[in-house]
Amino acid sequence: TRRYFSITTLILRMKIAVLLPQSTTHPQLGYDFYLALQQCLQFHDEVIEWHSASIGFGTDENDILSKAEDFILNKQIDLLVAFVDFPKVECLTNLLETTNTNLFVVNMGAKMPINWEGHKHLFFLNLQETFLSYMTGQKITQKQAIVMANYYEGGYSPCQIMSDAFMNKGGEIIYNFIPHTVSPILEMDILDEILKEQTTETAMLCFYSAPLTNVFWEEWKKLEHKQLVSIFGSSTFLMESIAVQHDILIASNCKGFIAWDKTLDNAVNKEFIQ
C-alpha cells in the first residue's frame, strides 16, 4: 500500500510597514514612494506583506510613535520604513531598541543633527541631496554669491550646506533673496536692483522645487542685469529645470550636480526606466 502525503509549502512573507509623508509641493510624494517600493521588490520576486500609514508632514511625534508601535507590537512587522526627518525620528529610538526592530529613514538630506551619533537600528537612505550640494559649493570659484530660495526650501540642509561649503572657501554671501512664498509668484525686481550694482562676477545659488522652479526661469528671462551672474543649482532644482525649462537651463550655463536623469545611458538606469 502506498501512502500519499500532502505537503503544504509555506511561503514566508516579510512584513514591511511604511510611514508615508504628505507634501504641499509634491502632493503625490507619499503614494509615488510607496508604490515604487512595492514595484521594485515585486520586480525582484520578493514576497512582501505591506502595511502603511500616513504621518502627515511628520511633525507630530506622538502620532509617529503611536503608528510605529501599532505596526511593531500588533502587526509584528519585520522592518519599518519612515519618510521623516530629524529631530522627530529620534522619538522612535527607544521603541526600536526595546523591540530589536530596524528602521530605514528616508529623506532628502533635509535636517541633520549637529552632533550626530549613530544608532544600530537606524539606516539612512540617503544624504545624497546634501552631499551634492556640498560638492557644488566646493566648485564655485566666484568670490561673492546671492542665495535664492524661499521659507520652504531655505529650511532644508542642501541650502545651508552649499552656502557653508562656499563660505568655507572664503566666499561671501552678499544677499539672501528668500521671499515667504511657495505659491507660483516670484517677483524679482528688487534682485535686479541688487545685480545692477555688481561690478564683478556673482554666483547665484538656487534652491527651488515645483511650482517655483518654472516661475524662477520665467522671471530670470525678464532680468536686465544678469550679465555677470553664474547660476549654481541644487539637485532638485536642476532635475526639475531639465524637465520644464531645458533650453534656457542650457543657455544659462547653469552648473551643479544632479542625483538622477532619465537619459543616463547605463544598464541599471535603462532597467529602472522600463
Side-chain angles (χ1 to χ4, degrees), residues 14-41 44 46 48-135 152-162 164 207 209 234-236 239 257 259-260 272:
M14 184 180 187
K15 296 182 179 180
I16 300 178
V18 186
L19 300 178
L20 300 174
Q22 291 181 358
S23 171
T24 53
T25 58
H26 297 79
Q28 294 294 116
L29 177 64
Y31 307 128
D32 287 344
F33 173 69
Y34 187 50
L35 293 174
L37 285 178
Q38 292 178 318
Q39 291 177 10
C40 177
L41 293 181
H44 291 286
E46 300 289 345
I48 306 295
E49 179 180 314
W50 291 96
H51 300 270
S52 68
S54 172
I55 54 172
F57 295 103
T59 58
D60 188 337
E61 293 183 11
N62 292 328
D63 183 50
I64 295 171
L65 180 59
S66 174
K67 288 172 179 174
E69 285 177 336
D70 181 54
F71 284 137
I72 294 173
L73 301 179
N74 299 325
K75 306 294 194 308
Q76 287 83 48
I77 58 103
D78 301 297
L79 176 67
L80 184 65
V81 180
F83 208 122
V84 68
D85 284 309
F86 279 98
K88 303 302 180 182
V89 69
E90 293 176 315
C91 73
L92 298 175
T93 53
N94 287 338
L95 173 64
L96 300 175
E97 186 74 32
T98 302
T99 60
N100 197 35
T101 303
N102 289 332
L103 166 63
F104 282 6
V105 178
V106 181
N107 60 30
M108 307 300 284
K111 300 180 181 70
M112 295 294 106
I114 296 175
N115 299 313
W116 187 338
E117 295 183 8
H119 190 284
K120 66 179 181 179
H121 291 294
L122 286 179
F123 300 87
F124 290 87
L125 303 174
N126 56 31
L127 304 180
Q128 182 170 257
E129 297 283 332
T130 301
F131 177 61
L132 295 176
S133 287
Y134 173 79
M135 290 175 61
Y152 180 82
E153 303 295 344
Y156 287 80
S157 66
C159 180
Q160 183 69 59
I161 203 71
M162 190 187 296
D164 285 348
F207 305 90
S209 62
S234 65
S235 178
T236 298
M239 286 190 290
F257 294 91
W260 172 77
F272 173 68

For this session: Nearest 0.5 Å please: distance from the CH2 atom of Trp50 over to the CE atom of Met14.
Result: 9.0 Å
Exercise. Does any pair with a residue in residues 63-75 pass salt bridge (charged side-chain N to carboxylate O under 4.0 Å, His left out), and if so which ones, sequence neighbours excluded?
Worked result: Asp63-Lys67, Asp70-Lys75
Exercise. Does CZ in Phe57 sit with more than 12 non-hydrogen atoms of other residues, nucleotides or ligands closer than 6.0 Å?
Worked result: yes
Exercise. Does Thr99 reach the main-chain N or O of Leu95 with its side chain, forming a donor-acceptor pair under 3.5 Å?
Worked result: yes
Exercise. Are any of the side-chain heavy atoms of Gln76 and Ile72 separated by less than 4.5 Å?
Worked result: no
With a 3.5 Å cut-off and sequence neighbours excluded, list the donor-acceptor pairs that the side chains of residues 27-35 form with protein atoms.
none

Exercise. Is there a donor-acceptor contact under 3.5 Å from the side chain of Asp78 to the main chain of Lys15?
Worked result: yes
Exercise. Hey, what do you get for CE (Met162) to CZ (Phe257), rounding to the nearest 0.5 Å?
Worked result: 10.0 Å
Problem set entry | side-chain contact (heavy atoms from CB on, under 4.5 Å) partners for Phe104, two or more places apart | Leu79, Val81, Phe123, Leu125
For this session: Apply side chain to side chain donor-acceptor pair (under 3.5 Å) to the pair Glu153 and Ser209, showing each step before the final yes or no.
Result: CA-CA 8 Å; Glu153 303 295 344; Ser209 62; 2.4 Å; yes
Exercise. Under 4.5 Å between any side-chain heavy atoms of Leu80 and Asn102, yes or no?
Worked result: no
Problem set entry | side-chain contact (heavy atoms from CB on, under 4.5 Å) assessment of Leu103 paired with Val89 | CA-CA 10 Å; Leu103 166 63; Val89 69; 3.9 Å; yes
For this session: For Ser54, enumerate each residue passing the side-chain hydrogen bond (donor to acceptor under 3.5 Å, both in side chains) test, keeping only those at least two apart in sequence or located in another chain.
Result: none
Exercise. Side-chain contact, heavy-atom cut-off 4.5 Å: Met135 with Leu132?
Worked result: yes
Problem set entry | Check: Ile64 and Lys88 side chains under 4.5 Å, non-hydrogen atoms | yes
Exercise. Which residues pass the side-chain contact (heavy atoms from CB on, under 4.5 Å) test with Ile161, sequence neighbours left out?
Worked result: Thr130, Ser133, Tyr134
Exercise. What distance separates Leu92 CG from Glu97 CD, expressed to the nearest 0.5 Å?
Worked result: 13.0 Å
Exercise. How close do Ala17 and Ile77 get, heavy atom to heavy atom, and via which atoms?
Worked result: CB-CG2, 3.9 Å
Exercise. Would you say Glu129 and Thr236 make side-chain contact, with heavy atoms under 4.5 Å?
Worked result: yes
Problem set entry | Atom CG of Asn94 with >12 non-hydrogen neighbours under 6.0 angstrom | no
For this session: Check Trp260 against Met239 and note the closest heavy-atom contact, atom names and distance.
Result: O-SD, 3.1 Å
Problem set entry | Any donor-acceptor N or O pair under 3.5 Å, side chains Ser235, Gln128 | no
Problem set entry | For Glu46, salt bridge (charged side-chain N to carboxylate O under 4.0 Å, His left out) partners two or more places apart | none
Exercise. Between CD1 of Ile16 and CD of Glu49, what distance do you get to the nearest 0.5 Å?
Worked result: 10.5 Å
Seminar exercise, completed: Nearest heavy-atom approach of Ala53 to Phe71 is CB-CZ, 3.7 Å
Exercise. So, Thr93 side chain and Glu90 main chain: donor-acceptor pair closer than 3.5 Å or not?
Worked result: yes
For this session: For residues Cys91 and Leu65, report the shortest heavy-atom separation together with the two atoms involved.
Result: O-CD1, 3.8 Å
